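A short write-up of the structure that comes next.
In this text the structure is predicted, and so the values were computed from the model without any measurement. Heavy-atom basis, side chains included; hydrogens, waters and symmetry copies ignored. First listed ligand is number 1; within each ligand, the first listed atom is number 1.
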Amino acid sequence: MRKKMIAGNWKMNMTPSKAKELVTLLEPSIDIPDVDVVLCVPAIDIMPVTDIVKGTNIKVGAENMYYEEKGAYTGELSAEMLTDAGVSYVILGHSERRQYFHEDDAIINKKIKKALEHNITPIACCGETLGQRECNVTLNVIRKQIQEMFEGIDAFDAADCIIAYEPIWAIGTGKVATAEQAQEVCHSIREVMKDLYDNITADKVRVLYGGSMNEGNALSLLTQPDIDGGLIGGASLKMEFAKIVGSAHTNVAV
Ligand code: 13P
């Protein structure tokens, strides 16, 4: 039985002062032991947020990380810096990083390997554009992304990674994938993991859906057999996030 996970991706929002206010308000309602709740926050918010959630079940994640160990890489953050600051998850390969910062699957692969080396759990993102969906190549696109992101990673490590399916056309647009569309792709991600590794790995890996998930649509998505949680953008910046966590909790209880 895979444990449900609800992760917020704050993107480039929330000053440290605002971050403290929001997490202080959210904390009592999102500290739930049977759901893994992760707040992936801008680098400057990591330490203040870590301080607030200390002693709870809530974990802190980063939104990016560099693949080198350390050195002359102005502006970048290393895995060691993140773990020392209290980070246990990192979002890698988000479509916004692919689009605006030209990250490709080979770069993401190096980042995943470095995160694993430092015991940070990668949340590796994949997803198709609207054009690709309309051309019926979604499953091919996803397969290629997963194959390249997981190149050279063994089954033991792969099973511990989180994969987030985020159709690009659903991100920040209010256009959510239907539960059937999201389930179809999340299921096929598990099939790809079965082909690349084995049944045990495919069964263990957690697959999240992301893209305009909100309190209204969360339950129908979270009750799909291959959707193990959500990666939430806009709705993670509000109290609505607690409602989404609540939907995952209800789903566990059922
Ligand atoms: P929205 O929930 O704002 O659509 O963003 C999804 C996302 O990109 C999470 O990583």
*asked:* Hydrophobic clusters here meaning ILVMFWY residues chained together by side-chain heavy-atom distances under 4.5 Å, can you tell me if L77 and V38 are in one?
replied: no
_Given K59, R206, K4, R2, the one that forms salt bridge (Lys or Arg N to Asp or Glu O under 4.0 Å) with D36_ = R206
_Does the residue A170 have a heavy-atom contact with ligand 1, meaning some pair of atoms that are separated by less than 4.0 Å?_
yes
*E80, CD atom: more than 12 neighbouring heavy atoms under 6.0 Å*: no
*Considering the options L222, V35, I244, which one meets the side-chain contact (heavy atoms from CB on, under 4.5 Å) requirement together with H249?*
V35
Tell me which protein heavy atom sits closest to [atom], plus the residue, atom name and distance to 0.1 Å.
atom: atom 5 (O) of ligand 1; answer: K11 NZ, 3.2 Å
atom: atom 7 (C) of ligand 1; answer: E166 OE2, 3.2 Å
atom: atom 3 (O) of ligand 1; answer: G234 N, 2.8 Å
atom: atom 2 (O) of ligand 1; answer: G233 N, 2.9 Å

*Record the part of N9 in heavy-atom contact with ligand 1 below 4.0 Å; permitted values are side chain, backbone, both and neither.*
side chain
*May I ask you to check whether A235 has an N/O atom sitting below 3.5 Å from an N/O atom of ligand 1?*
no
*Between A85 and T50, which heavy-atom pair has the shortest distance, and what is it?*
O-OG1, 3.4 Å
